[in-house]
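Numbering of residues begins at 1 and proceeds along the displayed sequence. As the structure is a prediction and not an experimental result, all values here were calculated from the model.
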Amino acid sequence: LTTIFFSISISIILGLTLNKSENIIYGIIGSILLIIPISEIIIQIMQYILGKIIKPKIIPKMDFTNGIDKENATFVVIPTIVKTREKVRELARKLEVFYLANKSENLYFAILGDCSESKREEESFDGEVIETGIKEIEKLNKKYSKEYPKFNFIYRKRQWNKQENSYLGWERKRGYLNQFNQFLLGQEQGNFRINTIPKQNMPHIKYVITLDSDTDLPIETAAELIGAMAHILNKPIIDENKNIVIEGYGIMQPRIGVKLDVSYKNLFTKIFAGQGGTDLYSNAISDVYQDNFGEGIFTGKGIYDLNVFNTVMKGSIPENTVLSHDLLEGCYLRCGLVSDIMLIDDYPSKYMSHINRLARWTRGDWQIIKWLKNKQLNVISKYKIFDNLRRSLLEIATVACMAYFIKNKILIAISLLAIVIPYILEIINYVVFRKEGEKYQKTFIHKVGTIQGAIYRIALTIGTLPYK
């Protein structure tokens with residue numbers, strides 16, 4: 001509310017005092033156009049200040065470095081579309097690496113192979129995918145499993161979708177995880193063409209760690225995530241009337257880093273991806289939502305409580321309405337951000353890939369606009385949705401202000417400041433808080449420095465503004 005009040009107040013003052021027209025209507029329109037750019041400047045500055053004065057809140061964890069117990073048995077899954085043998089083999093190799101980096105009893109792994117969209121219920125490559133999946137999983141189990149198989153492969157059936165006018169996996173990733181959850185809870189409805197998970201003697205699964213196909217699970221990360229979920233202070237409590245988690249956490253989101261090789265792949269990633277790789281001395285980082293309101297934002301990669309997820313999310317999102325479901329799941333289940341635990345992810349290596357990803361995210365943000373009226377969600381959850389919508393309009397508002405105030409250099413400068421304020425704060429932070437005696441670290445591969453990178457980002461952000 002404070003942010004909104006200051007944004008509107010400053011916009012009115014600037015719109016009415018700095019415009020060069022005596023027409024009051026002109027000033028009012030200008031004030032309205034300035035609200036989004038001004039709000040971005042205020043929010044970025046407030047978040048920067050809060051990040052400096054409020055210590056990061058570390059979520060308590062159980063210590064599972066000596067192994068995960070039966071009560072906290074967990075599945076690590078990769079839900080992704082597979083259409084080729086090579087893709088299945090690549091995913092199987094990833095599972096093997098995940099296992100070797102996170103060896104423990106009561107930790108299981110699965111490829112959730114999803115079917116691609118098609119005009120036919122079955123495609124010719126489906127058989128090859130299934131055959132390869134079974135073979136690769138058998139190799140891994142023969143190599144590492146003792147009794148119950150640690151590695152598994154599932155391939156889903158296509159269902160006819162009237163709205164899409166084609167066959168595809170029900171509700172895509174969201175639907176796949178829901179169907180997988182139901183299977184683990186003994187509520188299978190015949191949704192899979194192949195499922196290598198034996199029902200007999202199947203362990204009681206408590207948690208599910210879900211990853212994207214381009215996400216890495218570093219050493220001991222699984223045990224750390226499970227330890228965070230298992231701590232008594234983090235146990236989720238559901239409001240039976242609203243069917244929503246009100247205390248504790250039903251889902252947790254770790255910090256997301258960038259793969260080391262991707263961060264210096266080309267000039268674009270050197271400028272925008274930031275420092276890649278893992279930090280052996282990783283500490284919690286500041287997050288406005290987690291540190292001030294006790295809950296973070298879920299972005300699709302993390303761990304959730306199986307029973308709680310199934311109870312809360314069952315029927316919460318209507319079919320064929322939402323593609324970007326991560327934020328909603330975090331709101332319903334109350335997401336905890338464990339910023340001292342890190343997953344390593346990919347980063348777009350080309351500008352167009354980056355823009356296409358932003359376009360998908362923006363489309364998803366607008367698909368959930370009706371949840372602003374949802375009576376189940378709390379004020380913070382609704383603000384997260386609203387803030388994403390506001391941010392998606394920033395470039396449009398900036399261009400509109402520049403066109404509207406074409407003869408006013410001050411207001412044009414303020415409008416441009418809104419889209420580059422994060423990089424300006426980055427430069428200020430580097431200059432002001434740089435440690436005494438700190439020197440530039442030499443590396444074998446040329447890296448873009450902090451100030452140099454920020455300047456590049458400012459120039460490119462302004463230069464690509466009309467297209468974006």
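The 12-atom threshold is not exceeded at CD1 of Ile219, counting heavy atoms of other residues, nucleotides or ligands nearer than 6.0 Å.
Nearest heavy-atom pair, Gly296 versus Gln290, reported as atom, atom and distance to 0.1 Å: N-OE1, 3.3 Å. Considering all non-hydrogen atoms of both residues, Ile111 and Ala92 come closest at CD1-N, 3.8 Å. Of all heavy-atom pairs spanning Asp346 and Lys259, the tightest one is N-CE, 4.2 Å.
At a threshold of 4.5 Å between non-hydrogen side-chain atoms, the residues Tyr249 and Tyr304 do not count as touching. Residues Met252 and Asn234 have side chains in contact (heavy-atom distance under 4.5 Å, counting atoms from C-beta outward).
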(request) Please test Tyr167 against Asn161 for side chain to side chain donor-acceptor pair (under 3.5 Å), starting from the C-alpha separation and ending with a verdict. (result) CA-CA 6 Å; Tyr167 287 96; Asn161 187 304; over 6 Å; no
(request) Show your working on side chain to side chain donor-acceptor pair (under 3.5 Å) between Glu426 and Tyr430 and close with a plain yes or no. (result) CA-CA 6 Å; Glu426 184 181 349; Tyr430 180 79; over 6 Å; no
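Under the 30°/60° scheme for interplanar angles, the aromatic rings of Phe268 and Tyr351 are found to stand perpendicular. Ring geometry for Tyr155 against Phe153 counts as parallel: the plane angle stays under 30°, on a 0 to 90° scale with 60° as the upper cut.
Seen from the ring of Tyr176, Arg156 counts as a face-on cation partner, given the 6.0 Å and 45° thresholds. Cation-pi check for Lys150 over Tyr108 is met; the charged atom lies under 6.0 angstrom from the ring centroid and within 45 degrees of its normal. At least one cation-pi condition fails for Arg390 and Tyr383: the charged atom is not both under 6.0 angstrom from the six-membered ring centre and inside a 45 degree cone around its axis.
Taking the six-membered ring for Trp and the full ring otherwise, Tyr144 and Tyr99 have centroids separated by under 6.0 Å.
Here Lys235 does not pair with Asp305 in a salt bridge; the nearest charged N to carboxylate O distance is not below 4.0 Å. Between Glu295 and Lys384 there is a salt bridge, since a side-chain N of the basic residue sits under 4.0 Å from a carboxylate O of the acidic one. With salt bridges taken as basic N to acidic carboxylate O contacts below 4.0 Å, one links Lys94 and Asp216.
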